[in-house]
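Ligands are counted one by one from 1 in listed order, and the atoms in each one are counted from 1 as well.
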Amino acid sequence: IHRFPLIKVRGVPLMEHIAKNWSSIWAFRPDPSDLLISTYPKAGTTWTQEIVDLLLNNGDADVSKRAPIPVRIPFLEIFSPPPIPSGLDLLQDMDPPRVIKTHLPIQLVPEGFWDSKCKVIYVARNAKDNLVSYYHFDRMNLTQPEPGPWDGYIHKFMKGDLGWGSWYDHVKGYWKEREKRNILYLFYEDMKENPRREIIRIMEYLDLSLSVDTIDHIVQLTSFKVMKDNPMANYSFIPMPVFDQSVSPFMRKGEVGDWANHFTPEQAEMFDEDYARQMEEVDIPFRSNI
Ligand code: A3P
């Protein structure tokens with residue numbers, strides 16, 4: 001296993017194996033029935049994938065036992081070391097409607113998605129919790145660069161010097177385009193506060209209408225506790241040991257406000273001042289304490 005260095009593609013640092021295959025990713029032609037789930041890494045991607053998959057399959061619990069999440073919902077830009085198939089390879093063999101995952105910032109999403117008017121669900125998570133989750137992920141993900149010391153990691157995050165680039169640019173990019181491009185923009189904190197309400201929002205966006213019982217069932221199947229124990233969702237079931245879950249489990253805590261256990265008051269103050277500058281031009285209603 002190799003920790004890939006980051007190489008910039010149009011100014012955005014991506015892992016070397018993604019950057020090297022950039023032209024095939026950019027050329028991807030989606031089908032109009034394709035659904036894209038997009039996030040900055042660690043914002044609640046897997047959770048949303050599981051919800052969407054269950055909604056599309058009428059709450060059939062077998063769905064969440066069928067294939068591991070990275071296989072049944074391919075990761076568009078991932079070109080893994082063999083024998084893991086690339087996202088593009090997996091997509092080629094799938095029947096519509098396909099659900100696709102990406103962490104690409106909006107300007108790097110292949111234009112075919114907009115030409116085909118594909119539905120796009122974006123999930124955003126408050127900056128400090130997102131940073132904490134990414135820090136632990138970079139410790140355990142043996143393909144991403146080492147996170148280094150905690151204090152330095154905060155600065156890397158603020159500078160956008162991490163895989164998939166700047167959190168600030170990412171959340172702002174999708175926010176500004178959400179109306180024009182009919183993007184469903186969700187917040188991790190809303191999903192924690194009232195998962196049922198947010199699941200219904202996703203259901204309506206997908207033009208589905210499921211029974212109350214089915215919705216309740218999906219709420220239960222997509223709880224942190226159930227997903228943590230589901231090998232198809234907790235990434236214990238992937239073809240190669242790219243994650244060392246003994247360092248930090250993929251389903252780590254699943255909470256809002258864990259940042260307070262990591263940031264010193266001085267670090268939080270410094271971070272918040274910089275945040276105000278970087279987020280000045282938009283008013284995205286993030287919450288970090290619920
Ligand atoms: P933590 O590291 O804070 O625990 P992603 O899927 O985008 O990689 O995001 C992973 C984060 O989402 C992790 O956050 C993980 O625990 C959390 N998560 C995954 N499933 C969840 C669920 N059902 N409910 C709440 N949080 C969940």
Side-chain angles (χ1 to χ4, degrees), residues 15 36-55 61 63-64 68-78 99-105 121-144 147 150 153 157 162-164 167 170-171 174 186-199 202 217-238 242-245 247-263 286-290:
M15 279 189 288
L36 191 66
I37 296 177
S38 179
T39 56
Y40 190 74
K42 311 320 288 177
T45 330
T46 317
W47 189 8
T48 309
Q49 287 172 276
E50 188 72 352
I51 291 171
V52 165
D53 210 19
L54 283 162
L55 283 170
V63 163
S64 59
I69 270 189
V71 177
R72 62 181 205 262
I73 301 185
F75 191 164
L76 177 64
E77 63 268 28
I78 279 288
V99 184
I100 307 173
K101 157 189 167 178
T102 186
H103 290 318
L104 293 170
I121 298 178
Y122 186 75
V123 188
R125 184 176 191 181
N126 80 82
K128 293 208 277 302
D129 283 338
N130 204 144
L131 186 166
V132 166
S133 185
Y134 208 173
Y135 171 72
H136 290 294
F137 185 63
D138 277 345
R139 292 172 53 232
M140 62 81 93
N141 182 341
L142 306 178
T143 68
Q144 299 216 151
W150 164 247
Y153 195 83
F157 183 94
L162 298 174
W164 287 279
W167 174 92
H170 212 282
V171 298
Y174 283 90
L186 302 171
F187 293 94
Y188 180 95
E189 295 73 27
D190 290 344
M191 291 166 65
K192 282 294 292 185
E193 183 180 68
N194 191 337
R196 197 170 189 283
R197 180 189 64 208
E198 299 306 305
I199 288 170
I202 300 173
H217 190 52
I218 296 176
V219 172
Q220 196 210 332
L221 287 172
T222 57
S223 69
F224 180 75
K225 205 175 162 308
V226 172
M227 282 185 61
K228 190 178 170 67
D229 292 337
N230 179 355
M232 299 301 157
N234 68 15
Y235 278 88
S236 59
F237 200 135
I238 46 175
V242 295
F243 295 161
D244 184 348
Q245 303 223 25
V247 171
S248 178
F250 187 88
M251 295 287 169
R252 196 183 58 89
K253 275 198 175 173
E255 284 171 6
V256 178
D258 189 39
W259 65 266
N261 299 316
H262 291 74
F263 284 70
F286 280 110
R287 295 175 294 160
S288 57
N289 285 304
I290 56 166

S.K.: Provide the number and element of each atom of ligand 1 under 4.0 Å from a heavy atom of F250.
M.R.: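 With F250 as reference, the close atoms of ligand 1 come out as 6 (O), 8 (O), 15 (C), 16 (O).
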
S.K.: Please check whether S133 reaches ligand 1 - meaning an N/O of the residue sits under 3.5 Å from an N/O of the ligand, judged on distance alone.
M.R.: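 By distance alone, the answer is yes.
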
S.K.: Please answer whether the main-chain N or O of A127 pairs with a side-chain N or O of Y40 as donor and acceptor at a distance below 3.5 Å.
M.R.: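 No.
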
S.K.: Quick check: do E193 and R287 have side-chain heavy atoms less than 4.5 Å from each other?
M.R.: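 In contact.
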
S.K.: Short list, please: which atoms of ligand 1 are under 4.0 Å from a heavy atom of G254?
M.R.: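 By the 4.0 Å cutoff, the relevant atoms are 1 (P), 4 (O), 16 (O), 25 (C), 26 (N).
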
S.K.: Can you sort out which atoms of ligand 1 are near T222, meaning under 4.0 Å from one of its heavy atoms?
M.R.: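 Counting atoms of ligand 1 from 1, those under 4.0 Å from T222 are 23 (N).
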
S.K.: Just to verify, what does Y135 make a ring pair (Phe, Tyr, Trp, His ring centres under 6.0 Å) with, not counting sequence neighbours?
M.R.: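 Checked Y135 against ring pair (Phe, Tyr, Trp, His ring centres under 6.0 Å); matches are W150, Y153.
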
S.K.: Return yes if some donor-acceptor pair links the side-chain N/O of E189 with the main-chain N/O of F286 below 3.5 Å, else return no.
M.R.: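 No; judged by distance alone, with no hydrogens or angles, the pair does not exist.
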
S.K.: Ignoring hydrogens, just give me the one of Y235, F224, Y135, Y40 whose non-hydrogen atom is nearest atom 21 (C) of ligand 1.
M.R.: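 Of the listed residues, F224 has the closest heavy atom.
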
S.K.: Counting heavy atoms only, which part of R252 comes closer than 4.0 Å to ligand 1: side chain, backbone, both or neither?
M.R.: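 The answer is both, backbone and side chain.
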
S.K.: I need the atoms of ligand 1 closer than 4.0 Å to a non-hydrogen atom of T45, numbered in the order shown.
M.R.: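 Under 4.0 Å from T45, ligand 1 has these atoms: 5 (P), 6 (O), 7 (O).
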
S.K.: Would you say that N130 contacts V171 through its side chain, given a criterion of any heavy-atom pair below 4.5 Å between the two side chains?
M.R.: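 Heavy-atom side-chain distance check fails, nothing below 4.5 Å.
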
S.K.: Does ligand 1 have a heavy atom under 4.0 Å from the side chain of F137, from its backbone, from both, or from neither?
M.R.: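 Within the 4.0 Å criterion, F137 makes no contact with ligand 1.
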
S.K.: Would you mind running through ligand 1 and noting each atom that sits below 4.0 Å from a heavy atom of S223?
M.R.: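 Close to S223: 23 (N).
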
S.K.: Sort out for me which residue in Y134, W167, Y188 forms a side chain to side chain contact (heavy atoms under 4.5 Å, CB included) with K42.
M.R.: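 Looking at Y134, W167, Y188, the match for K42 under the side chain to side chain contact (heavy atoms under 4.5 Å, CB included) is Y134.
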
S.K.: Using a strict cut-off of 4.0 Å, indicate which atoms of ligand 1 neighbour a heavy atom of T46.
M.R.: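 What qualifies from ligand 1 is 5 (P), 6 (O).
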
S.K.: Pull out every atom of ligand 1 sitting under 4.0 Å from any heavy atom of M251, numbered as shown with elements.
M.R.: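 Listed by number with element: 16 (O), 19 (C), 20 (N).
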
S.K.: Would you find a donor on one side and an acceptor on the other, under 3.5 Å apart, between the side chain of D129 and the backbone of D258?
M.R.: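 Yes: the side chain of D129 pairs with the backbone of D258.
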
S.K.: Write out all pairs satisfying side chain to side chain donor-acceptor pair (under 3.5 Å) with one or both partners inside residues 217-232, taking only residues at least two apart or from two chains.
M.R.: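 Passing the test, one end in residues 217-232: no pairs.
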
S.K.: Of E77, H103, H170, which is the lone residue that meets side chain to side chain donor-acceptor pair (under 3.5 Å) with W164?
M.R.: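 Only one option passes, and that is E77.
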
S.K.: Closest by any non-hydrogen atom to atom 26 (N) of ligand 1: pick that one out of Y188, Y134, W259.
M.R.: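 Minimum heavy-atom distance to atom 26 (N) of ligand 1 goes to Y188.
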
S.K.: For A43, is at least one N or O under 3.5 Å away from an N or O on ligand 1?
M.R.: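 For ligand 1, there is an N or O atom that lies under 3.5 Å from one belonging to A43.
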
S.K.: Name the option, out of E255, K42, Q49, R125, that contains the heavy atom nearest to atom 14 (O) of ligand 1.
M.R.: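 Ranked by closest heavy atom to atom 14 (O) of ligand 1, first place is R125.
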
